[in-house]
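Report on the structure given below.
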Amino acid sequence: MEEIDNSDARQELSARHEGSTRQTILTLFKTKGQLNAGELAKQLQITEMAVRRHLSTLERDGLIRPTLVRQAMGRPTHKYGLTDKAEYLFPRNYHSLALDLLEELAEDPEQAILVDRMFEGRKRKLLERYASRMEGKSLKEKVSELAVIQNDGGYMVKLEDGEDGLVLHEYNCPIAQVANLYQQACQCELTLFEQLLGTSVERTECLAKGGGKCSYLIAGTK
C-alpha cells in the first residue's frame, strides 16, 4: 500500500507535456531554477506572450508556482519554479535504492532480521494512517474505503461480488520490484487488510507469484 500519489495523473501530465514547449520550460526550471517570463522568452526564442500562455497552463496543472521577487531596481517581478508535483515528471529510481538497501541487510546474517522488522514497521505506520478512516463503518463500507485507499496508492483496484463474498482485485503493484524479491511485503499487506477490516482475508492470487493480479477474498461479506 502506498503512498504514491496518483500515478495515473502523473502519466497523464507527462504525456500532455512530453516533447512540447511546456516540457522544455519544465526542464529549464529543473536545470536553472526560478525564471521569469522574460528570461524564458530569451531562452526559448519565442514571444513573452507565448511564454505566459504556457506558464498559465503549467500553473493550472499545478506544476509550477509563482513567487514575487523584489529587485534592487525597478518593479518586483514574478519568477516561477517547479512544485513537488512536477518533480514526478522527471526520472526517479526509488525502487532500486530500496532494493539495494534491503539486499545489503539480507546478505548480512546478523542484520537479516531487520528486513522483517522494516516491513512490519511499514505495516504499522500504514495501519496508524488509515485506521481512523474505518471507524463507524460496516464491514462492506470498510471494504469500499479500503478500495479507495488502494486506488489512491496506484493499485488499480476493482471490487467484485464472488460466490463466497466480496473479492478485492489489485491489477497493479507499485512496489512490484520489491514484492517480487521480498514476500514480506505481500504478507504485511494481507495482515494490514485484516487489521483494517477486522475480519479474515484470504489471498487467492498474487502478482508476485506469477498471477495476473492480486485478489483477496473478504470473509463475512457474503
Side-chain angles (χ1 to χ4, degrees), residues 1-16 62 84-85 88 92 94-99 101-102 106 113-222:
M1 294 181 66
E2 210 57 42
E3 228 125 334
I4 211 121
D5 161 327
N6 210 314
S7 59
D8 290 341
R10 291 203 298 271
Q11 291 172 0
E12 179 185 344
L13 287 168
S14 181
R16 187 187 309 169
D84 290 341
K85 184 178 180 180
Y88 287 100
R92 308 173 85 78
Y94 291 149
H95 70 273
S96 292
L97 174 61
L99 287 172
L101 293 173
L102 288 168
I113 193 173
L114 292 178
V115 175
D116 293 332
R117 290 179 180 174
M118 288 175 64
F119 281 105
E120 180 63 27
R122 178 175 180 270
K123 184 211 72 178
R124 186 172 60 253
K125 287 180 180 179
L126 292 173
L127 180 61
E128 292 172 355
R129 182 182 304 169
Y130 296 122
S132 62
R133 294 174 60 170
M134 301 297 169
E135 293 178 359
K137 290 182 169 65
S138 68
L139 178 56
K140 289 190 175 181
E141 289 172 337
K142 289 179 180 180
V143 174
S144 295
E145 186 66 22
L146 178 60
V148 172
I149 291 170
Q150 291 298 85
N151 261 329
D152 288 344
Y155 285 81
M156 296 177 62
V157 171
K158 179 182 178 182
L159 284 177
E160 182 178 79
D161 284 316
E163 293 183 3
D164 299 317
L166 284 176
V167 180
L168 185 149
H169 300 294
E170 295 177 338
Y171 291 90
N172 182 56
C173 179
I175 60 168
Q177 293 92 342
V178 173
N180 287 340
L181 294 176
Y182 297 93
Q183 290 297 308
Q184 296 96 322
C186 298
Q187 183 56 44
C188 282
E189 180 175 71
L190 178 62
T191 304
L192 176 65
F193 286 1
E194 291 184 329
Q195 292 181 352
L196 284 173
L197 299 175
T199 190
S200 61
V201 178
E202 178 188 358
R203 184 188 292 110
T204 58
E205 189 173 356
C206 182
L207 281 165
K209 294 182 178 179
K213 58 188 177 299
C214 290
S215 296
Y216 297 89
L217 174 61
I218 316 296
T221 55
K222 186 173 180 181

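We count residues from 1, following the sequence as given.
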Can you name the nearest heavy-atom pair linking [X] to [Y], along with the distance?
X: Ser132; Y: Arg129; answer: OG-O, 4.3 Å
X: Val157; Y: Ala147; answer: CG1-CB, 3.7 Å
X: Val201; Y: Leu197; answer: CG2-CD1, 4.1 Å
X: Ser215; Y: Val167; answer: CB-CG1, 4.2 Å
X: Arg203; Y: Leu190; answer: NH2-CB, 3.5 Å

If only atom types and distance count, is the side chain of [X] paired as donor or acceptor with the main-chain N or O of [Y] below 3.5 Å?
X: Arg122; Y: Cys188; value: no
X: Thr199; Y: Ala219; value: yes
X: Asp116; Y: Gln184; value: no

Report the distance from atom [atom1] of [X] to atom [atom2] of [Y], rounding to the nearest 0.5 Å.
X: Thr191; Y: Glu120; atom1: OG1; atom2: CD; value: 7.5 Å
X: Ile149; Y: Leu126; atom1: CD1; atom2: CG; value: 9.5 Å
X: Gln195; Y: Arg124; atom1: CD; atom2: CZ; value: 10.5 Å
X: Leu168; Y: Tyr155; atom1: CG; atom2: OH; value: 11.5 Å

Just one of Glu194, Glu205, Glu189 clears the side chain to side chain donor-acceptor pair (under 3.5 Å) bar with Tyr216, so which one?
Glu189

Does Lys142 pair with Glu145 as a salt bridge, N-O distance under 4.0 Å?
no

Show, in sequence, the C-alpha distance, side-chain angles and deciding distance for Met134 and Leu146, and conclude whether the side chain to side chain contact (heavy atoms under 4.5 Å, CB included) test is met.
CA-CA 8 Å; Met134 301 297 169; Leu146 178 60; 4.1 Å; yes

Could you check whether atom CD of Glu163 has more than 12 heavy atoms from other residues, nucleotides or ligands sitting under 6.0 Å from it?
no

Just checking Lys209: does its NZ atom have more than 12 heavy atoms from other residues, nucleotides or ligands closer to it than 6.0 angstrom?
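Not more than 12 within 6.0 Å, no.
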
Give the intermediate values and the outcome of side chain to side chain contact (heavy atoms under 4.5 Å, CB included) for residues Glu170 and Leu207.
CA-CA 9 Å; Glu170 295 177 338; Leu207 281 165; 5.6 Å; no

Is any side-chain heavy atom of Cys214 less than 4.5 Å from a side-chain heavy atom of Cys173?
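No. Closest side-chain heavy atoms not under 4.5 Å.
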
Apply the test side chain to side chain contact (heavy atoms under 4.5 Å, CB included) to residues Gln183 and Cys186: give CA-CA distance (whole Å), side-chain angles for both, the deciding distance (0.1 Å), then the verdict.
CA-CA 5 Å; Gln183 290 297 308; Cys186 298; 4.2 Å; yes

Side chain to side chain contact (heavy atoms under 4.5 Å, CB included), that's the test. Do Leu166 and Asp161 meet it? Break it down for me.
CA-CA 5 Å; Leu166 284 176; Asp161 284 316; 3.0 Å; yes

